[in-house]
Amino acid sequence: MNPLTATHPTCGLFISFEGIDGAGKSTHIAGLAAAFRAEGRAVTLTREPGGTPLAEKLRALVLGDAMDPLTESLLVFAARRDHLVNVIEPALARGDVVLCDRFTDATFAYQGGGRGFDLETLGTLERWVQHTPAMADSAVRQPDLTVWFDLPAETAAARLAHARAPDRFETQPVAFFLRVRAGYAARAAAEPQRFARINADQSREQVWQAIAEVFVARAWLSRIHPPGGKAA
Ligand code: TMP
């Protein structure tokens, strides 16, 4: 068993969504929220960096202001701590399904892979930030499942060319996103049981079908719902 996997019993379900910018996560996260709600589950829909008033302020700094990679890493982990303590842990304790648009794998991919920041230091921060006193000794909160929208960096860049005003990450060259993608691939290889890799280089309907199959296979959803949260 991976030592970073929380041994604290998870009352709810914690699912994170990852991928390089332009991978198309948002509509599918909304679709999953609708599907879980249609099956009677309470859903907490949230994102990183962000999810609390303080963490949203930190998000604006991280996405808008130039800074060195350690500062960037500390800010995303500070935002994560506030989010974990005030939103994620209480939601899981209530039994909610927590759908989180990005979590720590993004830090390993963007700060570790993209910026080339030291992975050991990120691992130390991960163990500090994702442990709370309610957990067993060295347990570290991790998602029960991470849905990784995998897409070639060149395809994502072409999609972003038509996007709204880009942030500090979205303006990075393709080479940066090649490293980010490799960062995600390394995390997925280290914890294959936690990751579901979805080929995001296909139609929206095909991507939804692939995601829905993952949730039905785990018996977390009873059936494949229509995409985009539409009524059956
Ligand atoms: P979003 O556009 O998907 O909301 O993500 C915000 C940006 O922040 C995205 O480009 C990835 C980046 N990011 C990091 O660099 N490190 C992190 O730890 C997280 C959560 C996001």
Side-chain angles (χ1 to χ4, degrees), residues 4 14-30 32-33 45-52 54-84 87-88 98-119 121-130 140-143 146-151 153 155-157 159-184 186-188 195 198 200 207:
L4 292 183
F14 181 21
I15 299 151
S16 64
F17 301 85
E18 299 282 0
I20 58 179
D21 295 273
K25 296 175 274 111
S26 312
T27 50
H28 298 300
I29 297 173
L32 278 170
L45 203 52
T46 190
R47 69 171 181 182
E48 291 212 346
T52 67
L54 172 59
E56 290 290 334
K57 287 183 196 165
L58 296 174
R59 176 191 176 92
L61 296 176
V62 170
L63 267 54
D65 291 31
M67 60 189 75
D68 93 317
L70 173 57
T71 310
E72 197 171 274
S73 302
L74 291 171
L75 288 182
V76 293
F77 269 115
R80 183 160 300 130
R81 178 67 183 182
D82 194 59
H83 186 215
L84 185 81
V87 173
I88 296 175
V98 176
L99 302 180
C100 191
D101 188 347
R102 301 191 185 279
F103 195 62
T104 305
D105 299 305
T107 314
F108 279 82
Y110 280 78
Q111 281 65 54
R115 304 275 194 232
F117 187 68
D118 179 51
L119 298 179
T121 305
L122 294 182
T124 301
L125 291 169
E126 179 182 36
R127 285 187 294 276
W128 281 357
V129 165
Q130 291 161 229
V140 175
R141 175 63 70 193
Q142 296 289 11
T146 296
V147 180
W148 172 30
F149 292 76
D150 189 25
L151 186 71
T155 311
R159 288 186 188 177
L160 283 177
H162 309 287
R164 49 175 170 66
D167 62 37
R168 274 179 69 235
F169 295 100
E170 290 164 342
T171 50
Q172 292 294 319
V174 170
F176 176 87
F177 288 105
L178 288 171
R179 296 195 298 275
V180 171
R181 187 185 185 198
Y184 278 127
R187 290 283 280 184
F195 273 81
I198 302 293
V207 172

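Just follow the structure's listing: the first ligand is 1, and inside any ligand the first atom is 1. Note that the coordinates shown come from a computational prediction; the quantities given were computed from them, not determined experimentally. Each residue takes its place number in the sequence, starting with 1.
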Does [X] reach ligand 1, in the sense of a heavy atom lying below 4.0 Å from it?
{"X": "Arg47", "answer": "no"}
{"X": "Arg168", "answer": "no"}
{"X": "Arg59", "answer": "yes"}

Does the N or O separation between [X] and ligand 1 drop below 3.5 Å for any pair?
{"X": "Asp167", "value": "no"}
{"X": "Glu48", "value": "no"}
{"X": "Glu170", "value": "no"}
{"X": "Asp101", "value": "no"}

Checklist entry - Under 30°, 30 to 60°, or over 60°: which ring-plane class applies to Tyr184 and Trp148, parallel, tilted or perpendicular? => result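 Rings of Tyr184 and Trp148: tilted, as their planes differ by 30° to 60°.
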Can you report which non-hydrogen protein atom sits closest to [atom], along with the distance?
{"atom": "atom 15 (O) of ligand 1", "result": "Gln111 NE2, 2.9 Å"}
{"atom": "atom 1 (P) of ligand 1", "result": "Arg102 NE, 3.5 Å"}
{"atom": "atom 9 (C) of ligand 1", "result": "Asp21 OD1, 3.5 Å"}

Checklist entry - Between Leu122, Thr104, Thr171, Thr107, which one has a non-hydrogen atom sitting closest to atom 17 (C) of ligand 1? => result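 Minimum heavy-atom distance to atom 17 (C) of ligand 1 goes to Thr107.
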Atom indices of ligand 1 within 4.0 angstrom of [X] heavy atoms, with elements:
{"X": "Val76", "result": "16 (N), 17 (C), 18 (O)"}
{"X": "Arg80", "result": "18 (O), 20 (C)"}
{"X": "Lys25", "result": "3 (O)"}

Item to check | Distance (rounded to the nearest 0.5 Å) between Leu74 CG and Leu70 CG | outcome: 4.5 Å
Item to check | Proximity to ligand 1 by part of Val62, non-hydrogen separation under 4.0 Å | outcome: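 Neither; no heavy atom under 4.0 Å.
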Next on the checklist: Between Arg187 and Thr146, do the side chains contain a donor N or O and an acceptor N or O under 3.5 Å apart?
Outcome noted: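 Per modelled atom types, Thr146 and Arg187 side chains form no pair under 3.5 Å.
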Checklist entry - Tyr110 and Asp105: side-chain donor and acceptor closer than 3.5 Å? => result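 No, no side-chain donor-acceptor pair sits under 3.5 Å.
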Checklist entry - Between Phe14 and Phe103, is a ring pair (Phe, Tyr, Trp, His ring centres under 6.0 Å) present by the stated rule, with each step listed? => result CA-CA 11 Å; Phe14 181 21; Phe103 195 62; 5.0 Å; yes
Item to check | Flag, side chain of Arg168 to backbone of Asp65, donor-acceptor distance under 3.5 Å | outcome: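 Yes; judged by distance alone, with no hydrogens or angles, the pair exists.
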Item to check | Test salt bridge (Lys or Arg N to Asp or Glu O under 4.0 Å) applied to Glu56 and Arg47, step by step | outcome: CA-CA 9 Å; Glu56 290 290 334; Arg47 69 171 181 182; 2.7 Å; yes
